[in-house]
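Working notes, structure below.
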Amino acid sequence: MKRIRNILRCEKALSYPLTIAIALSIVIVASAAFEYMRLLIIAQGVRDSLQSAIISVSTGNFSDVYASLREGHSGGFVNDGSGFREQFNTGDVYARLSELLGLQREGGYLVKYAGGTVEYRLSNLNIQIINAPFAPANRDTARQFLAHATIRLEVPLSFGWERLPPMRITIRCTAGWTPRF
């Protein structure tokens with residue numbers, strides 16, 4: 001460390017290349033850190049929006065989901081005359097995501113543009129509704145009405161990282177309906 005300080009203080013102009021190398025390395029490390037933070041922010045925003053859309057699916061089903069105290073059954077069921085059958089709706093999560101994030105449909109993707117460049121792409125939305133059991137013996141241990149969602153997020157890298165492949169991750173979230181009373 002002392003030797004580096006002596007080289008930087010040297011008046012023979014030997015310190016200029018080292019100073020430039022240090023400055024460039026700091027710029028490279030900083031740009032990598034900023035890119036990492038950008039990817040984290042995008043993934044967090046998409047996850048929050050997906051969670052909001054899934055919550056709206058769960059709450060949209062609340063009229064079909066009954067607590068076991070009401071009418072003696074629980075879950076998304078409806079009486080069709082001969083008995084009870086499951087009834088729930090997965091909603092239009094793609095439309096809700098497009099509304100929340102300002103996305104455009106492009107082929108099989110929902111795409112977010114920043115200016116004229118692609119900021120990220122969403123695809124492969126999968127929603128799984130898990131219905132609560134019909135008339136559970138024990139309400140405390142019975143599973144709840146849940147909506148699980150997964151979506152594929154693809155984010156192209158910026159700051160001169162075009163040669164690297166884009167970040168591709170699968171985002172998962174779960175929302176449920178719980179009776180208040």
Side-chain angles (χ1 to χ4, degrees), residues 1-62 89-130 143-178:
M1 192 66 158
K2 188 174 180 180
R3 183 176 177 193
I4 292 175
R5 252 189 252 141
N6 288 338
I7 291 173
L8 290 175
R9 291 183 186 172
C10 180
E11 296 179 15
K12 295 181 183 179
L14 294 175
S15 64
Y16 289 123
L18 182 61
T19 304
I20 291 171
I22 290 173
L24 285 175
S25 63
I26 289 172
V27 167
I28 290 171
V29 169
S31 66
F34 290 139
E35 182 68 12
Y36 177 74
M37 287 187 289
R38 182 183 80 89
L39 294 174
L40 282 178
I41 290 169
I42 289 172
Q44 182 71 30
V46 169
R47 188 192 62 79
D48 290 347
S49 298
L50 180 62
Q51 187 173 21
S52 174
I54 294 302
I55 287 172
S56 69
V57 166
S58 293
T59 57
N61 281 297
F62 87 97
N89 181 4
T90 59
D92 192 359
V93 176
Y94 269 136
R96 180 81 173 132
L97 282 173
S98 294
E99 176 186 328
L100 288 171
L101 297 171
L103 305 173
Q104 300 174 8
R105 186 167 290 278
E106 196 174 277
Y109 293 99
L110 286 177
V111 181
K112 172 71 174 186
Y113 286 98
T117 61
V118 173
E119 188 172 348
Y120 58 86
R121 291 185 179 115
L122 300 175
S123 63
N124 298 338
L125 175 66
N126 183 18
I127 301 172
Q128 179 186 12
I129 304 285
I130 298 173
R143 70 174 186 262
Q144 297 177 342
F145 183 88
L146 296 174
H148 295 288
T150 60
I151 196 164
R152 183 84 168 162
L153 171 64
E154 181 179 313
V155 184
L157 301 178
S158 62
F159 290 127
W161 310 99
E162 292 88 15
R163 295 183 187 254
L164 296 175
M167 177 189 79
R168 290 184 183 101
I169 60 170
T170 300
I171 297 176
R172 295 172 179 80
C173 69
T174 301
W177 186 85
T178 305

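Side chains are part of it too, since the values below use all heavy atoms of this structure and drop only hydrogens, waters and symmetry mates. These numbers come from a predicted model, not from an experiment.
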- request: Give the intermediate values and the outcome of side chain to side chain contact (heavy atoms under 4.5 Å, CB included) for residues Val118 and Glu154.
  value: CA-CA 10 Å; Val118 173; Glu154 181 179 313; over 6 Å; no
message: Run Arg152 and Arg168 through side chain to side chain contact (heavy atoms under 4.5 Å, CB included) and show every step you take.
response: CA-CA 7 Å; Arg152 183 84 168 162; Arg168 290 184 183 101; 3.3 Å; yes
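Atom-to-atom distance recorded for Thr150:OG1 and Ile127:CD1 is 9.0 Å, nearest 0.5 angstrom. Remark: Arg96 CZ to Ile55 CD1 distance equals 10.0 Å, nearest 0.5 Å. Atom-to-atom distance recorded for Met167:CE and Leu153:CG is 4.5 Å, nearest 0.5 angstrom. Atom CZ of Arg47 and atom CD1 of Ile169 lie 10.5 Å apart (nearest 0.5 Å). Remark: Leu97 CG to Ile54 CD1 distance equals 8.0 Å, nearest 0.5 Å. Between atom CD of residue Gln128 and atom OG1 of residue Thr174 there is a gap of 9.0 Å, rounded to the nearest 0.5 Å.
When all heavy atoms are compared, the tightest approach of Ser158 to Glu35 is OG-OE1, 2.7 Å. Considering all non-hydrogen atoms of both residues, Ser123 and Gly108 come closest at CB-O, 3.8 Å. Across Leu50 and Ala149, no two heavy atoms sit closer than the pair CD1-CB, 4.2 Å. Residues Leu157 and Leu164 share a closest heavy-atom pair of CD1-CB, 3.7 Å. Minimum interatomic distance between Ser49 and Leu100 (heavy atoms only, all atoms of both residues): O-CD1, 3.6 Å.
Shown are Leu103, Leu39, Leu110; of these, the side-chain contact (heavy atoms from CB on, under 4.5 Å) with Tyr120 is made only by Leu103.
Panel note: side chain Ser25, backbone Ala21; a donor-acceptor pair is recorded below 3.5 Å.
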